[in-house]
Amino acid sequence: MSTPQPPMPQTAAPNWQAAPGSSYPTYNSPIPVVRTHLGHALASEWTKIRSVRSTVWTLGVFVLLVVGIGLAAAALIAANSSEGSMRNENPLSFGFFGLLLGSMCIITLGVLTTASEYGTGMIRTTMTACPSRGRVLTAKAIVFFSVAFVVTLASALVVALADVAFLDAREPSGQEWLKGTVGISLYLALLGLLSLVVGSIIRHSAGAITIMIGVLLAPLVIALFMFSQSLQDLQKALFEYSIPNQLSVFYEQSLSNSGPSGWDPLWIMLGVTAAAFAGAYVLLEKRDV
């Protein structure tokens, strides 16, 4: 004998109504329709960047490098310097070493923010949920820049305070504090944003990271091996506009007496990033995902 089945619950019939001016009924969904905007895209990108393991690893290593090397350098210099030998030195400048190495972590995270979605195919889901491609790129840029700036500023500030406390050096001026913390944090966040844009253009994580590491280190390394007199002008330009030298400008420790000074490196990086972002936007609108 078969077991009698319980009666199925009755669902309400769809609300079919005739549209004005038409004799054919249409369906009105009970689910409210909300017009999407940039805030929704920002919430989506924030959920992505804080939930993937690459963010934790790259930013964790970044903090370890910046704070660890910065504190180690300060302790080593304090232990080996004689009394009064540091009186004319800017103590904030010793945070340069950790930030230079840590910039590779910011570059890596920037590339992965966009390029990793092309590798996994997740970009198709992203573009289906938000067909406005420019909005997606803008949301990624805002979220990444905010995260990179806050983490860099916190790390640089910890190192700066430790350097001032450990070293018997002069007290930095207000301008030096601003450039050595906020200025260099903005510069590294823009460098990471440039990496994000390059990742969107290349659509390949390894390729984009390789390009950005080359941009970071190649000009300075190439300039070191230019021994010909005829290449002196090129060598000088490579020294002056290399990223390590531009980072040192924020601490007034430039490798040359000419070239960018003051806040110039920040404006240079801002212009390059803006131009690359415009190119990435155009390509994103024209190419298939």
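Here the structure is a predicted model, which is why all the values come from computation and not from measurement. One is the number of the first residue; the rest follow in order along the sequence.
- A continuous path of Ile, Leu, Val, Met, Phe, Trp and Tyr side chains, each step under 4.5 Å between heavy atoms, connects Ile202 with Ile209, placing both in one hydrophobic cluster.
- If you chain together hydrophobic residues whose side chains sit under 4.5 Å apart, Ile201 and Met269 fall into the same group.
- Among residues at least two apart or in separate chains, side-chain hydrogen bond (donor to acceptor under 3.5 Å, both in side chains) pairs with a member in residues 217-230 are Ser228-Ser230, Gln229-Gln232.
- Under the side-chain hydrogen bond (donor to acceptor under 3.5 Å, both in side chains) criterion, the residue pairs touching residues 137-156 are Glu45-Lys140, Glu117-Lys140, with sequence neighbours excluded.
- Residues satisfying the ring pair (Phe, Tyr, Trp, His ring centres under 6.0 Å) test with His40, not counting sequence neighbours, are His37.
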message = Evaluate Phe225 against Gln235 for side chain to side chain contact (heavy atoms under 4.5 Å, CB included), listing each step before the verdict.
response = CA-CA 9 Å; Phe225 293 95; Gln235 182 188 43; over 6 Å; no
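- With values rounded to the nearest 0.5 angstrom, Cys105 atom SG is found 9.0 Å from Leu109 atom CG.
- Taken from OG in Ser248 to CD1 in Ile184, the straight-line distance is 8.5 Å, to the nearest 0.5 Å.
- With sequence neighbours left out, the side chain to side chain donor-acceptor pair (under 3.5 Å) criterion links Arg135 to Thr36.
- When side chains are defined from C-beta on, Tyr241 counts as touching Pro260, because their heavy atoms get closer than 4.5 Å.
- Side chains of Leu92 and Phe250 form no contact here, defined as non-hydrogen atoms less than 4.5 Å apart.
- Within 6.0 Å of the NZ atom in Lys236, the count of heavy atoms belonging to other residues, nucleotides or ligands does not exceed 12.
- There is no path of hydrophobic side-chain contacts, each under 4.5 Å, that joins Val282 to Tyr118.
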Side-chain polar contacts of residues 53-68 - donor-acceptor pairs under 3.5 angstrom, sequence neighbours left out - could you list them?
residue	atom	partner	partner atom	Å
Thr55	OG1	Ile49	O	2.5
Thr58	OG1	Ser54	O	2.6
Thr58	OG1	Thr55	O	3.3

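- Separating the CD1 atom in Ile107 from the CG atom in Leu193 is a distance of 12.5 Å, to the nearest 0.5 Å.
- Under the 3.5 Å distance criterion, the side-chain polar atoms of Arg203 are left unmatched by any main-chain donor or acceptor of Ser116.
- With contacts defined as side-chain heavy-atom distances shorter than 4.5 Å, the pair Phe94/Val159 does not qualify.
- With hydrogens and angles ignored, the 3.5 Å screen pairs a side-chain donor or acceptor of Ser103 with a backbone N or O of Leu100.
- For the pair Leu247/Leu188, a side-chain contact is recorded, criterion being any heavy-atom separation below 4.5 Å from C-beta on.
- Of all the heavy atoms in Val197 and Ala276, the pair that sits closest is CG1-O, 3.1 Å.
- Expressed to the nearest 0.5 Å, how far CD1 of Ile69 lies from CZ of Phe97 amounts to 10.0 Å.
- Side-chain N or O atoms of Thr114 include one that pairs as donor or acceptor with a backbone N or O of Leu196 at under 3.5 Å.
- Leu112 and Met122 fall into different hydrophobic clusters, where Ile, Leu, Val, Met, Phe, Trp and Tyr are joined by side-chain heavy atoms under 4.5 Å apart, directly or via other members.
- Atom CZ of Phe145 has more than 12 heavy atoms from other residues, nucleotides or ligands within 6.0 Å.
- Membership of the apolar cluster around Leu231 extends to Ile222, Met226, Leu234, Leu238, as traced through chained side-chain contacts below 4.5 Å between ILVMFWY residues.
- Side-chain atoms of Trp267 and Leu270, non-hydrogen and from C-beta on, do get closer than 4.5 Å to each other.
- Phe149 has its side chain out of reach of Leu190: every pair of non-hydrogen atoms, C-beta onward, lies at least 4.5 Å apart.
- Side chains of Tyr251 and Lys179 form no contact here, defined as non-hydrogen atoms less than 4.5 Å apart.
- In this structure, the side chain of Glu176 engages the main chain of Ser173 through a donor-acceptor pair within 3.5 Å.
- Counting non-hydrogen atoms of other residues, nucleotides and ligands closer than 6.0 Å to CH2 of Trp177 gives a total above 12.
- Between Gly180 and Ala156, the shortest heavy-atom distance links the atoms O-CB, 4.3 Å.
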message = Please evaluate residues Ser200 and Leu137 with respect to the criterion side chain to side chain contact (heavy atoms under 4.5 Å, CB included), reporting the C-alpha separation (whole Å), side-chain torsions for both, the decisive distance (0.1 Å), and the verdict.
response = CA-CA 8 Å; Ser200 177; Leu137 185 60; 4.1 Å; yes
request  = Would you sort out whether Asp264 and Ser261 count as a side chain to side chain contact (heavy atoms under 4.5 Å, CB included), showing the intermediate values?
outcome  = CA-CA 6 Å; Asp264 291 345; Ser261 61; 3.8 Å; yes
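- Shortest non-hydrogen contact noted between Leu71 and Ala162 is CD2-CB, 3.1 Å.
- Between the side chain of Asn245 and the backbone N or O of Ser242, no donor-acceptor pair lies under 3.5 Å.
- One hydrophobic cluster holds both Val215 and Val198 under the rule that ILVMFWY side chains link at heavy-atom gaps under 4.5 Å.
- Smallest separation of non-hydrogen atoms from Leu266 and Gly183: CD1-O, 4.3 Å.
- Residue Trp46 holds its CH2 atom at 14.0 Å from CD1 of Ile142, rounded to the nearest 0.5 Å.
- Nearest heavy-atom pair across Thr181 and Ala160 is CG2-CB, 4.3 Å.
- Considering CG of Leu191 and CG of Leu216, their distance stands at 6.5 Å, rounded to 0.5 Å.
- Using a 4.5 Å cut-off on side-chain heavy atoms (C-beta onward), Leu194 and Phe277 make no contact.
- Shown here for Ala115 and Ser205, the closest heavy-atom pair between the two residues is CB-OG, 3.6 Å.
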